[in-house]
Amino acid sequence: MSSSSAQHWDPAQYAENARFVSDLGMPVVELLSPKPGERILDLGCGDGALTLKLAKLGCKVVGVDSSPEMVAAAKSLGLNAQVMDGHTLPFINEFDAVFSNAALHWMKHPKDVIAGVWRALKPGGRFVGEFGGCGNVAAIVTAIESALSSRGVTVANPWFFPRPEEYRGLLEAMGFAIEIMALIPRPTPLPGDVGGWLETFAQPYTSALPGTEKRGFISEVVETLRPMLCDANGNWHADYVRLRFSATKPQAAP
Ligand code: BEZ
């Protein structure tokens, strides 16, 4: 799912701490409106949970992801999945749609990604997806960066969370026609405390620390976030803001 070398994906840990990612991806599948027989590229397919839904709807799906572990998990579901960097997609004019859920924020060079999606699509093909937009996990990032700073450590934000106008501009510059571009605040219930989220997703930050400091660091960030992200009943949520979009490569592409 990630293009960051500091992030490693463990399918079992992902299933425990992040199953909500694919569970909450169904509205994006509905926006895609896949038809049986369509050839679809799932960009950043992860462990293949949504790729499988598309396959069960009768689509011919190819899943790609930069994590060999996640691709192995997707393959174990019987899916066609390949290890690939989303910045260098090699497909030419072969998909009716490119779908992406909760993956594009890991790809820090969006122009390269969009150019590859454009090449991969047939004329008239759709690019439909959702990922972290401007303001996504802002409280979490602030708490992480402040705890790192107090240890004298600085790490550049590993994620791409654009404003809607910025992403619209990038897609339009490639030639896409935009149907939907919406920033959607979506506080997202977590299966445990935010420590599980940090363990699963924040490795680009935590890997900058010596292994012996990681546990204390995560506990400190959890306590900083408790007043903001944990309710009186002990239920945690992450301060997610999604950027949802639907775009089309025109029939007569420029
Ligand atoms: C997200 O889905 O918004 C997200 C996941 C991991 C890290 C950052 C953001």
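Since this is a predicted model, take the numbers as computed values, not measurements. The analysis underlying the following values was restricted to heavy atoms, covering all of them including side chains, and did not include hydrogens, waters or symmetry mates.
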Can a donor-acceptor pair be found, under 3.5 Å and without considering hydrogens, that links the side chain of [X] to the backbone of [Y]?
{"X": "Asn101", "Y": "Val21", "result": "yes"}
{"X": "Asn136", "Y": "Val241", "result": "yes"}
{"X": "Lys249", "Y": "Leu121", "result": "yes"}
{"X": "His237", "Y": "Cys230", "result": "no"}
{"X": "Asn233", "Y": "Asn235", "result": "no"}
{"X": "Lys35", "Y": "Ser33", "result": "yes"}
{"X": "His105", "Y": "Gly132", "result": "yes"}

Check ion pair [X]-[Y] (N to O, under 4.0 angstrom):
{"X": "Arg186", "Y": "Asp239", "value": "no"}
{"X": "Arg215", "Y": "Glu199", "value": "no"}
{"X": "Lys122", "Y": "Asp96", "value": "yes"}

Heavy-atom pair of closest approach, residues [X] and [Y]:
{"X": "Cys134", "Y": "Leu183", "result": "N-CD1, 3.9 Å"}
{"X": "Pro34", "Y": "Leu57", "result": "CG-CD1, 3.7 Å"}
{"X": "Ile140", "Y": "Ala238", "result": "CD1-CB, 4.2 Å"}
{"X": "Trp9", "Y": "Thr200", "result": "CZ3-O, 4.0 Å"}
{"X": "Pro204", "Y": "Trp106", "result": "CG-CZ3, 4.0 Å"}
{"X": "Phe127", "Y": "Leu104", "result": "CZ-CD1, 4.0 Å"}

Could you measure the distance from the [atom1] atom of [X] to the [atom2] atom of [Y]? Nearest 0.5 Å is fine.
{"X": "His8", "Y": "Ser207", "atom1": "NE2", "atom2": "OG", "result": "7.5 Å"}
{"X": "Asp231", "Y": "Arg226", "atom1": "CG", "atom2": "CZ", "result": "11.0 Å"}
{"X": "Thr248", "Y": "Glu179", "atom1": "OG1", "atom2": "CD", "result": "3.5 Å"}
{"X": "Leu198", "Y": "Gln203", "atom1": "CG", "atom2": "CD", "result": "10.5 Å"}
{"X": "His109", "Y": "Ile114", "atom1": "NE2", "atom2": "CD1", "result": "13.0 Å"}

Does the side chain of [X] reach to within under 4.5 Å of the side chain of [Y], using non-hydrogen atoms?
{"X": "Met70", "Y": "Cys45", "result": "no"}
{"X": "Met26", "Y": "Leu50", "result": "yes"}
{"X": "Val62", "Y": "Val64", "result": "yes"}
{"X": "Leu79", "Y": "Asp42", "result": "no"}
{"X": "Phe245", "Y": "Leu171", "result": "yes"}
{"X": "Gln7", "Y": "Tyr205", "result": "no"}
{"X": "Thr206", "Y": "Phe217", "result": "yes"}
{"X": "Arg244", "Y": "Leu31", "result": "yes"}

**Q.** side-chain hydrogen bond (donor to acceptor under 3.5 Å, both in side chains) contacts in which one or both residues fall within residues 164-175, not counting sequence neighbours
**A.**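 Of all non-adjacent pairs touching residues 164-175, those that pass side-chain hydrogen bond (donor to acceptor under 3.5 Å, both in side chains) are Arg163-Glu165, Arg168-Glu172.
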Q.
Assess, by modelled atom type and distance only, whether the side chains of Tyr14 and Glu69 contain a donor and an acceptor separated by less than 3.5 Å.
A.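 No, because no side-chain N or O of Tyr14 sits under 3.5 Å from a partner of the opposite role on Glu69.
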Q) Could you walk me through whether Arg19 and Asp47 pass the salt bridge (charged side-chain N to carboxylate O under 4.0 Å, His left out) check? A) CA-CA 10 Å; Arg19 182 47 57 221; Asp47 63 6; 2.4 Å; yes
Q | Parallel, tilted or perpendicular, as decided by the 30° and 60° cut-offs, for the rings of Trp118 and Phe176 | A |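 Phe176 vs Trp118 ring planes: perpendicular.
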Q. Do the ring planes of Tyr240 and Trp197 sit parallel (below 30°), tilted (30 to 60°) or perpendicular (above 60°)?
A.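 The arrangement is perpendicular - the two ring planes meet at more than 60°.
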Q | Pair Phe131 and Phe161, ring centroids less than 6.0 Å apart | A |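 No.
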Q.
side chain to side chain contact (heavy atoms under 4.5 Å, CB included), that's the test. Do Val113 and Leu43 meet it? Break it down for me.
A. CA-CA 10 Å; Val113 176; Leu43 174 53; 4.0 Å; yes
**Q.** Lys60 atom NZ, over 12 foreign heavy atoms within 6.0 Å
**A.**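 It does not: Lys60 NZ has 12 such atoms or fewer within range.
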[X] with [Y], same ILVMFWY side-chain cluster at under 4.5 Å:
{"X": "Val61", "Y": "Met84", "value": "no"}
{"X": "Phe99", "Y": "Leu170", "value": "no"}
{"X": "Phe20", "Y": "Val29", "value": "no"}
{"X": "Leu209", "Y": "Leu225", "value": "yes"}
{"X": "Leu190", "Y": "Met228", "value": "yes"}

Q.
A cation-pi test, strictly: NZ or CZ of Arg39 under 6.0 Å from the centre of the six-membered ring of Phe95 and no more than 45 degrees from its axis. Yes or no?
A.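 Output yes; distance and angle both within limits.
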Validation: residues 146-159 side-chain donor-acceptor distances under 3.5 Å, sequence neighbours left out:
residue: Ser150; atom: OG; partner: Ala147; partner atom: O; Å: 2.9
residue: Arg151; atom: NH1; partner: Ala147; partner atom: O; Å: 2.9
residue: Arg151; atom: NH1; partner: Glu220; partner atom: OE1; Å: 3.1
residue: Arg151; atom: NH2; partner: Glu220; partner atom: OE1; Å: 2.8
residue: Asn157; atom: OD1; partner: Trp159; partner atom: N; Å: 2.8

(Q) Pair Trp236, Val222 - check side chain to side chain contact (heavy atoms under 4.5 Å, CB included), show working. (A) CA-CA 10 Å; Trp236 284 82; Val222 168; 3.9 Å; yes
Q) Run the salt bridge (charged side-chain N to carboxylate O under 4.0 Å, His left out) check on Glu38 and Arg126 step by step: do they pass? A) CA-CA 11 Å; Glu38 279 193 323; Arg126 292 111 64 209; 2.7 Å; yes
Q. Checking side chain to side chain contact (heavy atoms under 4.5 Å, CB included) for the pair Ile40/Leu32: CA distance, chi angles, key distance, verdict?
A. CA-CA 10 Å; Ile40 297 184; Leu32 174 69; 3.9 Å; yes
